[in-house]
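Read through the structure below, which is laid out as structure tokens, and then see the notes.
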Amino acid sequence: MLSTELLALTLAALAAANPVFASTHVHEYRNVHNHGVYPISPRNYITPETKRDSYDYIIAGGGLAGLVLASRLTDDGKTTVLVLEAGDTGDDEKDKINHPGLTYFTSLLGTKYDYAYKTVEQAGAGGRSINWPRGKILGGSSAVNGMYLVRPNSGEIDAWHDLIADSSNKAYADFWTWDKLYESMKKSENFAPPTDDAQKTAGMKYKTDSHGTSGRLHATFPAYFVPMSSAWLPTLEAAGIPSSEDAYSGNNLGGFFSTMAINPTNWTRSYAKSAYIDSLPPRDNLHILANAAVTKILFADNVQDGNQVASGVQFAKDKDDTPQTVSAAKEVILAGGAVGSPQMLLVSGVGPKDVLDSANIPVKVNLPGVGQHLQDHLATGVSWSTTADTQGSIYDSGSDFSKSDEFLSFVNSGTSYVNGSFLFDGDASFANFVKEAKDILGDDTKLEALIPSKDGDVVAGYKAIYQAYVDKVLPSSGLVEILFSINSAGRITIQAALQTPLSQGRLTVNSASIFDAPVLDPQYFSHPADVVVLRQALKHIRQLATFSPLKELVGDEVSPGKDVQSDAEFETYVRNSVSTEFHPGCTCAMLPKEKGGVVDASMKVYGTANLRVIDGSVFPLSMSAHLMAPIYGMAERAAEFILNPPSTSSGSSTTTSGGTQTTTTNNDTKGGKNAAVSVNGGRAVWVALASVAAGAFLCAF
């Protein structure tokens, strides 16, 4: 008879062989003796004392991208990876993490699991310092966020590609097209349709073919929808916003209910840790060290073809801890997100010389684009009173139902993306708006006031990004996201979130310590177009309350209130009420170096031989999406080409890592000789893998 521990390991092995099996059997294992629930998490986190001296890859940041990479790079059972995560594992907060609905009521934001950053005072936003929460936990913000899986508009991704298409790394640049990213986003997910009850209430529309069904991340809809959810799509349609038949295959305009990162087998959050790490069988080649912040990237004394070689990293628990070192045989990969990755570069001496000099940091690579091109989504909204049940009122009731898994799976997921012609009440007025935005490109005086750097390369990058927006993004994409928010008792809020900001800011440091917060200056509303777009959105949102069936649900307008009527009054309200939508990016932009780029199309940092950044900081453009889905896709794609670089000639490829040039043949499928582990196979493969797992466990014992 198998022990419970061995059975758990066997199930985990089956999960690795077949994700469908994982979705129905492996996310949790119930002990028949005490009916407790044990997540399949056989991996022992290491301690600083049990780490190895060297690993093939060191991943700095155990967030969304970092854990996808760690999982995929170690699929072969041979490649060694160390993940260093500054935050804790989160294992002590499983209930708060696992129940999706508790995100709104017992959030981990504001606790030790939150970096709790703040911007500098924003002149364009009422002189306020804006809170920037970010997950400081294994899994990163995917462990604490709203779980939206929204994909961008295809034109936005193709505009990104066009910004780097003429680079010397064309084989890599061609990975960053809509078609390629679409494949990778589908690869990441295991989609399940809504329940009959959810479908009946919300009336969501979707196409299964646009989703993946064998990935590691669960994607579905909440089990339960608050009854007023049924008003969302009909109200939008009455106001002239059509319902999307399929928001996931490249056109996200219109109203829809977002898929969420939820596991439908038990209605828990599916996030980077649970999806890519917890379900794995034991892997001696994957080590994860929590409470270990990377304090500095170490560089070898020698250079390679004029490029610095990353030899490893220093890490510490906190500023009072003595830093330790670990070596990288192949590469160091930064996956710290839009704040963490540029900060790690800067404190390591990679960045603009003037910033490094002012912080007394020796310059290793003068790279002006680090921390530049910062863009963020900004959100505000209109609120009304209501006597109808909301998620908040049901939760506050304390009823048995309010504590059920089904109810606690509910997350606000009614959303829509609207274009400029809708916002500006017609094509002609929107065309005038776009023309005025384009005219600024020809006015050097106005441009100079908008760009937070005097460096010529960064200025060229700002202009290139701006040109891409006005020529390729604004005409066809959603300028604003409109969201249905019903998590407060007695209140209905409809939010407007700016998706295509023309304002760009920057991230800098004034200290050489990673434990001192960086200086965040997004320069909100430095470009006048941004406040105009949100003003127009709020005016339309106010009108939604005049259409049935929403009209029958709302009472008096609570904010901004009926006193706000003129354009100037709306703009003042916008400036004084906006907050981040939690989607900052672009601080390590993938652009040509001469345009203020930080990484090339292979995600390697300019001026280095083997240092990459793989996370949301590399997007050069903001996009009409919550960033989780595109980052999952990006990380999946990056893992593929790290292990199997694009061929430079038939049958082989040459790559440089860790200061050593190697040539590899392309005879094996992705994942090498053990690729069958990650491929859906027959029952015989499952049994064989289970036997391997059992043997590994017994030998280790």
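The figures that follow rest on heavy atoms only: side chains count, while hydrogens, waters and symmetry mates do not. Position 1 is the first residue of the sequence; numbering continues from there. Predicted model, so just to flag it, every value in this text is computed and none were measured.
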**Request:** Can you spot which of T103, N412, T493 makes a side chain to side chain donor-acceptor pair (under 3.5 Å) with N487?
**Result:**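 Going through the options one by one, the only one that passes is N412.
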**Message:** As a test of understanding, state which of H583, E156, E581 forms a side chain to side chain donor-acceptor pair (under 3.5 Å) with Q499.
**Reply:**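 Result: among H583, E156, E581, E581 is the only option passing the side chain to side chain donor-acceptor pair (under 3.5 Å) with Q499.
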Give me the atom names and distance for the closest heavy-atom approach of [X] to [Y].
| X | Y | answer |
| --- | --- | --- |
| G126 | N576 | CA-OD1, 3.4 Å |
| N98 | P100 | O-CD, 3.0 Å |
| I137 | G90 | CD1-CA, 3.6 Å |
| V473 | A159 | CG2-CB, 4.2 Å |

**Request:** Please assess I440 against L450 for the test side chain to side chain contact (heavy atoms under 4.5 Å, CB included), listing each intermediate value before the final yes or no.
**Result:** CA-CA 10 Å; I440 291 179; L450 295 174; 3.9 Å; yes
**Prompt:** Hey, what's the ring geometry for F175 with F641, parallel, tilted or perpendicular (30° and 60° as the breaks)?
**Reply:**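 If you compare the ring of F175 with that of F641, the planes turn out parallel.
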**Asked** Any idea how Y632 and Y276 line up, ring-wise: parallel (<30°), tilted (30 to 60°), or perpendicular (>60°)?
**Response**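 Ring orientation of Y632 relative to Y276: parallel.
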**Request:** Give a yes or no on this: more than 12 heavy atoms of other residues, nucleotides or ligands lie within 6.0 Å of atom CG of D318.
**Result:**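 It does: D318 CG has more than 12 such atoms within range.
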**Message:** Quick check on D284: does its CG atom have over 12 non-hydrogen neighbours (other residues, nucleotides or ligands) under 6.0 Å away?
**Reply:**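 It does not: D284 CG has 12 such atoms or fewer within range.
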Does the pair [X]/[Y] count as a salt bridge with the N-to-O cut at 4.0 Å?
| X | Y | value |
| --- | --- | --- |
| K273 | D91 | yes |
| K319 | D516 | yes |
| D357 | K353 | yes |
| R72 | E636 | yes |

Hydrogens and angles aside, do [X] and [Y] bring a side-chain donor and acceptor to less than 3.5 Å of each other?
| X | Y | answer |
| --- | --- | --- |
| T74 | N285 | no |
| S341 | S617 | no |
| Q122 | D521 | yes |
| N145 | R269 | yes |
| Y524 | D376 | yes |
| H99 | T268 | no |
| R216 | S71 | yes |

Using 0.5 Å steps for rounding, measure from the [atom1] atom of [X] to the [atom2] atom of [Y].
| X | Y | atom1 | atom2 | value |
| --- | --- | --- | --- | --- |
| T80 | Y55 | OG1 | OH | 8.0 Å |
| M260 | L149 | CE | CG | 7.5 Å |
| L163 | M590 | CG | CE | 11.0 Å |
| N510 | L346 | CG | CG | 11.0 Å |
| L64 | S188 | CG | OG | 9.0 Å |
| I451 | R506 | CD1 | CZ | 12.5 Å |

**Request:** Test Y462 against I465 for side chain to side chain contact (heavy atoms under 4.5 Å, CB included), laying out the working first.
**Result:** CA-CA 5 Å; Y462 179 93; I465 292 168; 5.9 Å; no
**Prompt:** Is there a side-chain contact between L73 and L643, using heavy atoms and a 4.5 Å cut-off?
**Reply:**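 Yes; the side chains approach each other to less than 4.5 Å.
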**Asked** Are any of the side-chain heavy atoms of F582 and P133 separated by less than 4.5 Å?
**Response**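 SC-SC contact between F582 and P133 confirmed.
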Taking [X] for its side chain and [Y] for its backbone only, find out whether a donor-acceptor pair lies under 3.5 Å.
| X | Y | answer |
| --- | --- | --- |
| H287 | L84 | no |
| R575 | G124 | yes |
| R128 | A125 | yes |
| W176 | I157 | no |
| S274 | S270 | no |
| S142 | A272 | yes |
| S624 | P152 | no |
| S348 | I297 | yes |
| E85 | G87 | yes |
| D530 | L502 | yes |

**Request:** Quickly, which of V533, V574, V578 forms a side-chain contact (heavy atoms from CB on, under 4.5 Å) with L498? Name it, please.
**Result:**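 For L498, the side-chain contact (heavy atoms from CB on, under 4.5 Å) test succeeds with only one of V533, V574, V578, which is V533.
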**Request:** Would you mind telling me which of I614, V613, I58 makes a side-chain contact (heavy atoms from CB on, under 4.5 Å) with I333?
**Result:**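 Checked I614, V613, I58 against I333; only one passes side-chain contact (heavy atoms from CB on, under 4.5 Å): I614.
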**Asked** Tell me, which pairs form a side-chain hydrogen bond (donor to acceptor under 3.5 Å, both in side chains) where one or both residues lie in residues 104-117, sequence neighbours left out?
**Response**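 Listed once each, the pairs are D88-K112.
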**Request:** Only pairs at least two apart or in different chains count here, so list each side-chain hydrogen bond (donor to acceptor under 3.5 Å, both in side chains) that has a residue in residues 307-317.
**Result:**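 Checked against side-chain hydrogen bond (donor to acceptor under 3.5 Å, both in side chains) - neighbours excluded - no pair reaches residues 307-317.
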**Request:** Please assess Q372 against D455 for the test side-chain hydrogen bond (donor to acceptor under 3.5 Å, both in side chains), listing each intermediate value before the final yes or no.
**Result:** CA-CA 11 Å; Q372 302 290 339; D455 180 85; over 6 Å; no
**Request:** Verify whether the ring centers belonging to H527 and Y466 lie closer than 6.0 Å.
**Result:**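 H527 vs Y466: aromatic centres under 6.0 Å.
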**Request:** Might you work through the side chain to side chain contact (heavy atoms under 4.5 Å, CB included) test for K454 and V459, ending with a clear yes or no?
**Result:** CA-CA 7 Å; K454 304 302 181 187; V459 171; 5.9 Å; no
**Asked** By ring-ring contact (aromatic ring centres under 6.0 Å, His included), which residues pair with F105, not counting sequence neighbours?
**Response**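 Testing F105 for ring-ring contact (aromatic ring centres under 6.0 Å, His included), a comparison that skips the adjacent residues, returns Y395.
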**Message:** Run the side chain to side chain contact (heavy atoms under 4.5 Å, CB included) test on L289 and V83 for me, step by step, so that the C-alpha distance in whole Å, both residues' side-chain angles and the decisive distance to 0.1 Å come before the verdict.
**Reply:** CA-CA 6 Å; L289 179 57; V83 178; over 6 Å; no
**Prompt:** Between Y469 and Q375, does a side-chain hydrogen bond (donor to acceptor under 3.5 Å, both in side chains) hold up when you go through it step by step?
**Reply:** CA-CA 13 Å; Y469 272 133; Q375 298 159 60; 2.5 Å; yes
